[in-house]
Number of protein chains: 2
Amino acid sequence: MARSKRPAMSPAETEVLPLVWQSQEATVQQVHEALPSNRKVTYVTIATLLRRLEEKGYLRHHARGKAFVYGPAAKKEDVIRRTISDLVERLFGGNPVPLMQHLAQHSGISDEDIERLKGLGKKK
Amino acid sequence: MARSKRPAMSPAETEVLPLVWQSQEATVQQVHEALPSNRKVTYVTIATLLRRLEEKGYLRHHARGKAFVYGPAAKKEDVIRRTISDLVERLFGGNPVPLMQHLAQHSGISDEDIERLKGLGKKK
DNA sequence: TGACACCTATGACAGATGTCATATATTAGT
DNA sequence: ACTAATATATGACATCTGTCATAGGTGTCA
């Protein structure tokens with residue numbers, strides 16, 4: 001298997017990448033507008049973050065008119081998996097159960113939500 | 001309520017803090033020895049990380065003989081909660097369900113483990 | 001075709017990070 | 001009291017981060 005080893009994303013980058021994912025593709029402006037209201041940074045800052053994400057291998061872009069349209073260069077699933085397993089690694093030495101427990105008790109997740117999780121792990 | 005607002009931990013710090021927690025208290029040397037084998041940094045590096053964690057309010061220390069013994073200065077539960085909710089915020093806009101799903105399908109967690117999570121959220 | 005609106009490029013900058021080499025202090029022996 | 005072993009203190013340094021101001025390119029429409 002090809003372990004790509006993209007440089008890790010910084011916190012700010014980790015916040016911006018999902019905003020691109022959620023529309024498959026997005027211009028700087030769209031991402032800028034999609035920012036939560038409590039997070040005010042300038043358009044230029046977003047442009048920088050997207051550029052850096054591209055340098056790191058998470059995004060790619062092509063021009064459309066005068067603007068750049070950014071889209072994923074790495075599979076969302078993989079990026080998320082990596083991000084989470086890195087956290088689990090650091091915080092819990094690699095054991096994901098404590099994280100599940102934590103979520104179950106501090107995230108307002110219902111037993112119904114939990115019930116629905118069963119069976120997801122079945123490897124095809 | 002008192003929102004302490006400790007500066008966020010860096011990735012390296014996030015990896016080292018749990019090593020102190022796991023023995024309640026620990027010297028630089030103990031933490032250094034507790035490092036996973038794939039993670040080789042010098043003793044001095046660990047000392048720096050522990051000192052910075054103290055500056056940020058996560059640890060405190062007292063001397064024992066010639067060595068410093070570091071112990072928690074913030075509740076582990078709170079630190080973990082903050083760390084996780086920050087990630088959920090960034091990656092999933094605050095919704096923890098996708099994270100649960102991800103863990104359920106990619107972490108080798110069994111349906112039994114999942115079953116055991118039920119009821120944890122019930123506030124007394 | 002000019003002016004405007006809207007983009008990206010450049011690069012700047014302070015502060016955070018990850019890692020150490022060294023200098024200095026302290027303690028337990030002998 | 002000296003010394004070897006072991007600690008912390010200093011501070012250095014290349015990168016990375018988060019943020020932006022500003023310069024320069026380009027499409028659009030009157």
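Only a predicted model underlies this, so the values are computations on that prediction, with no experimental measurement involved. Sequence lines set the chain letters: A, B, ... in the order given, protein chains first and strands last, and positions in each chain run from 1.
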All N/O contacts under 3.5 Å from nucleotides 18-20 of chain D to the protein, with atom names and distances to one decimal?
| residue | atom | partner | partner atom | Å |
| --- | --- | --- | --- | --- |
| dG18(D) | OP1 | A12(A) | N | 3.2 |
| dG18(D) | OP2 | S10(A) | OG | 2.3 |
| dG18(D) | N7 | R52(A) | NH1 | 2.7 |
| dG18(D) | N7 | R52(A) | NH2 | 3.4 |
| dG18(D) | O6 | R52(A) | NH2 | 3.3 |
| dT19(D) | OP2 | R39(A) | NH2 | 3.4 |
| dT19(D) | O4 | R52(A) | NH2 | 3.2 |
| dC20(D) | OP2 | T42(A) | N | 3.0 |
| dC20(D) | OP2 | T45(A) | OG1 | 3.1 |
| dC20(D) | N4 | T48(A) | OG1 | 2.7 |

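- Atom CD1 in I46(B) sits about 16 Å away from atom P in dT17(C), given to the nearest Å.
- Under the 3.5 Å distance criterion, with hydrogens and angles disregarded, a donor-acceptor pair is assigned to the side chains of D113(B) and S110(B).
- Among dC7(C), dT8(C), dT8(D), the nucleotide with an atom closest to any side-chain atom of F68(A) is dT8(C).
- The phosphate of dC6(C) has neither OP1 nor OP2 within less than 4.0 Å of any side-chain N or O from Q29(A).
- Among residue pairs with one or both ends in residues 56-69 of chain A, those qualifying as salt bridge (charged side-chain N to carboxylate O under 4.0 Å, His left out) are E13(A)-K56(A); sequence neighbours excluded.
- The list of ring pair (Phe, Tyr, Trp, His ring centres under 6.0 Å) pairs with a residue in residues 14-49 of chain B, not counting sequence neighbours, is empty.
- One interatomic measurement links the two molecules: NE2 of H32(A) to P of dT8(C), which rounds to 12 Å at whole-angstrom precision.
- Evaluation of the side-chain hydrogen bond (donor to acceptor under 3.5 Å, both in side chains) rule for E115(B) yields K118(A) as partners, not counting sequence neighbours.
- Rounded to an integer number of Å, the gap from R6(B) CZ to dA16(C) C1' is 19 Å.
- Atom OH in Y43(B) sits roughly 7 Å away from atom C1' in dT8(D) (whole-Å rounding).
- In this view, E54(A) and H61(A) satisfy the side-chain hydrogen bond (donor to acceptor under 3.5 Å, both in side chains) rule, not counting sequence neighbours.
- For the pair E55(A) CD and dA9(C) C1', the computed distance is 12 Å after rounding to whole Å.
- Taking CZ from R82(A) and NZ from K5(A), the interatomic distance works out to 4.0 Å, rounded to the nearest 0.5 Å.
- Protein atom CG of L17(A) is 14 Å distant from nucleotide atom P of dT17(D), rounded to whole Å.
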Polar-atom pairs under 3.5 Å, protein N or O versus N or O of nucleotides 24-30 of chain C: list them with distances, or write none.
none

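- Spacing between atom NZ of K56(B) and atom P of dG15(C) amounts to 15 Å, rounded to whole angstrom units.
- Heavy atoms of A47(A) sit nowhere under 4.0 angstrom from any nucleic acid atom.
- In this structure, CZ on F92(B) lies 7.0 Å from NE2 on H102(B), to the nearest 0.5 angstrom.
- Rounded to an integer number of Å, the gap from CD of Q30(A) to P of dC6(C) is 15 Å.
- The CD1 atom of I84(A) sits 10.5 Å away from the CD1 atom of I84(B) when rounded to the nearest 0.5 Å.
- The two residues M100(B) and I114(A) have their closest heavy-atom pair at CE-CG1, 4.4 Å.
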